[in-house]
There are 2 protein chains.
Amino acid sequence: MNTQTQNAFRALADPTRRDIVLMLASEEMTIGQLTDRFDMTRAAVKKHLTVLSDGGLITVEARGRERINRLEPMGMAPVLDWLSYFDRFWDDRLANLKKAIEGNQK
Amino acid sequence: MNTQTQNAFRALADPTRRDIVLMLASEEMTIGQLTDRFDMTRAAVKKHLTVLSDGGLITVEARGRERINRLEPMGMAPVLDWLSYFDRFWDDRLANLKKAIEGNQK
DNA sequence: TCGTCGTGATACCAAATGGTTTTATATTAA
DNA sequence: TTAATATAAAACCATTTGGTATCACGACGA
């Protein structure tokens, strides 16, 4: 019943949202700036941002009439953690990964 | 446009499907065996298995009238690969992970 | 102060999603 | 051969999802 894990997986399931995450990895952006880069309305982008926020993948800061959207990289931790269960199926080089993630997880 | 990445993310977005993946990590199972472990019809489980198969996360082998469903761990590689882009946001221990995955990706 | 700019929120819509029931088909067992 | 088993496939349904258009509102600038 880990809703954090579920919300993060759900947020990453949509290609537009993954693109947003990649864009925010380069620089923080307002909704308007993000909308300029997509062929959809501001309202649609806003909905995606809400899902990303629910998934813990971004944070939003109000600045005047603007809203600054920033990547929250640690929001991906639940996803990586879930995936790390399967490390044993890959080769030994990947075993290090699991330990690294677990060490990073709080 | 990477449909493999999209299909894998989509497949993992549903909690029932993630549970199936975990179950198949322990042992291969027929649809009937999987259905016994869920509170839903065989048809519903079958639909989830189709999505998982589309995502490259399982393989199905016909054996008589049964269908053996097996985990395909490398199906998660596109997901891990996408996520590895964000390694730079975590601490240095995670840098190893990225290299490991990339080495594994052929 | 007054218009405009950036955003939030709501109502609405078509399509996708996760489920069921029903019908059909191939394989196995008696 | 016949009945039971394991699955497939299709029709159907309610809800969710990804999008639009519209309206409301606080913040800024002239």
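Values below: all heavy atoms of this structure, side chains included; hydrogens, waters and symmetry mates excluded.
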Asker: Whether the side chain of A:Gln6 engages the backbone of B:Ala13 through a donor-acceptor N/O pair (distance < 3.5 Å, no angle test) should be reported.
Answerer: yes
Asker: How long is the line joining CG of B:Asn69 and C1' of D:dA8, in whole Å?
Answerer: 13 Å
Asker: Is there a path of hydrophobic side-chain contacts, each under 4.5 Å between heavy atoms, that joins B:Leu34 and B:Val60?
Answerer: yes
Asker: Can you tell me the distance, in whole Å, between the CZ atom of A:Arg63 and the P atom of D:dC28?
Answerer: 11 Å
Asker: Please name the pair of heavy atoms, one in A:Ala44 and one in A:Met40, separated by the smallest distance, quoted to 0.1 Å.
Answerer: CB-SD, 3.7 Å
Asker: List the protein contact pattern of nucleotides 11-26 of chain D with one symbol per nucleotide (5' to 3'): B for base contact, S for sugar-phosphate-only contact, - for none; contact means a heavy-atom distance under 4.0 Å.
Answerer: ------SBBBB----B
Asker: Measure CD/A:Glu61 against C1'/C:dG6 and give the value in whole Å, please.
Answerer: 15 Å
Asker: Which residue pairs pass the side chain to side chain donor-acceptor pair (under 3.5 Å) test with at least one member in residues 56-65 of chain A, sequence neighbours excluded?
Answerer: A:Glu61-A:Arg70
Asker: Within less than 4.0 Å of OP1 or OP2 of D:dT7, is there a side-chain N or O belonging to B:Lys46?
Answerer: no
Asker: Does B:Ser53 reach the main-chain N or O of B:Leu49 with its side chain, forming a donor-acceptor pair under 3.5 Å?
Answerer: no
Asker: Quick check on the hydrophobic clustering: are A:Val51 and A:Met29 connected, directly or via other members, by side-chain heavy-atom contacts under 4.5 Å?
Answerer: no
Asker: Any residue in residues 28-35 of chain A with a heavy atom nearer than 4.0 angstrom to DNA chain C? Just list them by number, or reply none.
Answerer: A:Thr30, A:Ile31, A:Gly32
Asker: Do you know which two heavy atoms are closest between A:Leu24 and A:Leu71, and how far apart they sit?
Answerer: O-CB, 3.8 Å
Asker: For A:Ile68 and C:dG6, give me the distance from atom CD1 to atom P, rounded to whole Å.
Answerer: 12 Å
Asker: Measure from CG on A:Asp36 to C1' on C:dG6 and round the result to the nearest Å.
Answerer: 12 Å
Asker: Return the value, rounded to whole Å, for the distance between atom CG of B:Leu49 and atom C1' of C:dG18.
Answerer: 14 Å
Asker: Does A:Met23 belong to the same Ile/Leu/Val/Met/Phe/Trp/Tyr cluster as A:Leu57, with side-chain heavy atoms less than 4.5 Å apart forming each link?
Answerer: yes
